[in-house]
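This is a predicted model, so every value here is computed, not measured. Just follow the structure's listing: the first ligand is 1, and inside any ligand the first atom is 1.
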Amino acid sequence: MLSEDVREDATEARLPDEDYIRYLESRLKQLESEVKKLSMKVNYYKAEIERLLAPPLIEGVLLYLIDGNKAVVRSTTGPNLIVHISENVPRERLVPGARVALNQRGSTIVDVLPEYEDPYVQSFEVIERPEVTYNDIGGLKEQIRELREVVELPLKNPDLFREVGIEPPKGVLLYGPPGCGKTLLAKAVAREAEAAFISIVGSELVQKFIGEGARIVKEVFSMARKKAPAIVFIDEIDAIAAKRIDIGTSGEREVQRTLMQLLAEIDGFRPLDRVKVIAATNRIDVLDPAILRPGRLDRLIEIPLPDKQGRYEIFKVHTRRMKLADDVDLHELASKTEGLSGAEIKAIVTEAGYNAIRSGRKFVTREDFELAVKKIAAKKNVRRGIVEERNNSIHVIF
Ligand SMILES: Nc1ncnc2c1ncn2[C@@H]1O[C@H](COP(=O)(O)OP(=O)(O)OP(=O)(O)O)[C@@H](O)[C@H]1O
């Protein structure tokens with residue numbers, strides 16, 4: 001370094017005055033830009049040191065603004081706090097429910113945190129106002145009447161029950177073969193009761209969100225309480241509430257923990273708390289009786305395969321927006337579809353519509369329906385065959 005300076009001095013000494021001045025000016029510029037770069041680096045490292053030494057901030061949720069400079073915040077560690085708002089925080093992002101960062105003393109909002117998706121949210125579905133109405137359900141009149149009485153009425157008018165002095169059930173169990181309208185009914189009740197519809201699927205808790213079942217159940221009920229009136233719909237409840245002979249594997253223990261949490265949640269609210277549970281199963285025979293005890297899901301409502309009249313009404317619901325040719329007779333279709341579920345009748349209607357489109361028509365004929373019935377019935381037989389085959393193999397093994 002020293003020898004370089006000496007060399008530079010020697011070069012400078014040899015230059016004439018004007019050139020020497022120009023040389024010095026350009027050198028000055030060089031040095032100035034170097035100083036700029038170095039001071040930027042210094043600032044960066046200073047900020048980094050500050051960040052490393054800074055105490056952690058506190059996370060909270062903004063409840064409401066008192067005025068432009070103060071707000072009430074629920075900190076994740078304790079009670080609600082009345083806090084100041086730092087000048088630098090953009091006011092338009094301060095909406096109730098926003099996640100905010102408080103300084104380490106917890107006295108001032110210093111930042112608004114980006115929204116994040118709660119990992120548990122994807123494990124359940126929340127519909128503020130389901131679209132399904134009672135008119136979208138074919139048949140099941142008696143079941144609708146019962147659900148209105150035990151779920152809709154207490155959610156809409158709890159005072160009536162208080163005055164009369166009776167307690168409605170906290171939950172009901174809908175049971176019966178797949179595709180006969182259990183989910184549809186639960187959604188329609190939620191809509192008519194103007195309640196939020198929060199749904200989880202038992203098998204998903206066990207297979208998809210392994211190890212999280214109990215926590216998800218807790219979250220679901222906590223959300224239901226916040227959104228009350230609300231209906232918690234638990235589809236395939238048999239996956240978490242089947243009776244078990246012994247609890248050996250860790251998977252079984254996990255299922256047991258999920259069931260325990262569910263029972264604790266149901267026991268934890270009162271009959272008139274404006275939260276109701278509707279559970280559904282195709283396998284009532286395997287259910288743990290603990291879930292059906294009084295004060296839990298103690299009202300059982302069967303949702304059977306539709307009878308002839310029911311099938312006719314389901315055809316009517318699903319062909320409502322269809323142009324039907326004069327030769328289509330829904331009563332005849334209902335007679336020819338014995339043993340089929342509502343979901344299968346819907347599939348027939350859709351398939352008949354496709355047949356019309358394939359033939360370049362905008363209206364649907366009797367023949368379109370006949371072909372559709374054959375196709376769906378054949379599919380059902382294939383499925384039945386598979387089930388029977390499985391059952392046979394079970395017999396062979398045992
Ligand atoms: N009674 C019915 N009236 C009108 N449509 C029906 C009826 N039953 C079933 N469906 C049709 O079948 C579809 C599936 O029904 P849904 O999901 O309610 O059955 P589910 O009993 O809950 O079946 P799963 O046990 O498979 O969950 C519905 O979206 C609807 O289109």
I'd like to know if the side chain of E344 and the backbone of I376 have a donor-acceptor N/O pair within less than 3.5 Å.
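The answer is no, because no donor-acceptor pair under 3.5 Å joins these two groups.
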
Hey, is the main chain of A290 close enough, under 3.5 Å, to the side chain of R296 for a donor-acceptor pair?
yes

Give the numbers and elements of all ligand 1 atoms closer than 4.0 Å to a heavy atom of [X].
X	result
H318	4 (C), 5 (N), 6 (C), 31 (O)
I137	1 (N), 3 (N)
D136	3 (N), 4 (C)

Counting heavy atoms only, which part of [X] comes closer than 4.0 Å to ligand 1: side chain, backbone, both or neither?
X	value
L140	side chain
N282	side chain
K346	side chain
E236	neither
L184	both
D235	side chain

What protein heavy atom sits nearest [atom], and how far away is it?
atom	result
atom 3 (N) of ligand 1	G138 N, 2.8 Å
atom 14 (C) of ligand 1	A343 CB, 4.0 Å
atom 10 (N) of ligand 1	G342 C, 3.7 Å
atom 22 (O) of ligand 1	T183 OG1, 2.6 Å

Can K141 and E313 be counted as an ion pair, charged N to O under 4.0 angstrom?
yes

In the single-linkage hydrophobic clustering (I, L, V, M, F, W, Y; side-chain heavy atoms under 4.5 Å), do Y134 and I303 co-cluster?
yes

Assigning hydrophobic clusters by single linkage (Ile, Leu, Val, Met, Phe, Trp, Tyr; side-chain heavy-atom cutoff under 4.5 Å), is L205 placed with V126?
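Linked, L205 and V126 end up in one cluster.
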
Side chains of V317 and N135, heavy atoms from C-beta outward: is any pair under 4.5 Å?
no

Taking the side chain as every heavy atom from C-beta outward, state whether V217 and E265 have any atom pair closer than 4.5 Å.
yes

Out of the candidates I231, L173, V232, only one should pair with I278 under the side-chain contact (heavy atoms from CB on, under 4.5 Å) rule; please name it.
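Looking at I231, L173, V232, the match for I278 under the side-chain contact (heavy atoms from CB on, under 4.5 Å) is I231.
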
Applying a strict 4.0 Å limit to heavy atoms, is [X] in contact with ligand 1?
X	answer
G179	yes
L174	no
G139	no

So F369 and F315, would you call those rings parallel, tilted or perpendicular, with 30° and 60° as cut-offs?
perpendicular

Can an N or O of P178 be found at a distance shorter than 3.5 Å from an N or O of ligand 1?
no

So for ligand 1, is G181 a polar contact partner (N or O within less than 3.5 Å, distance only)?
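Yes; at least one N/O pair falls below 3.5 Å.
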
Stepwise side chain to side chain contact (heavy atoms under 4.5 Å, CB included) test for I109 and L102:
CA-CA 4 Å; I109 296 177; L102 304 171; 3.7 Å; yes

Calculate, to the nearest 0.5 Å, the distance between atoms CZ and CG belonging to R99 and D111 respectively.
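R99 atom CZ to D111 atom CG measures 10.5 Å (nearest 0.5 Å).
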
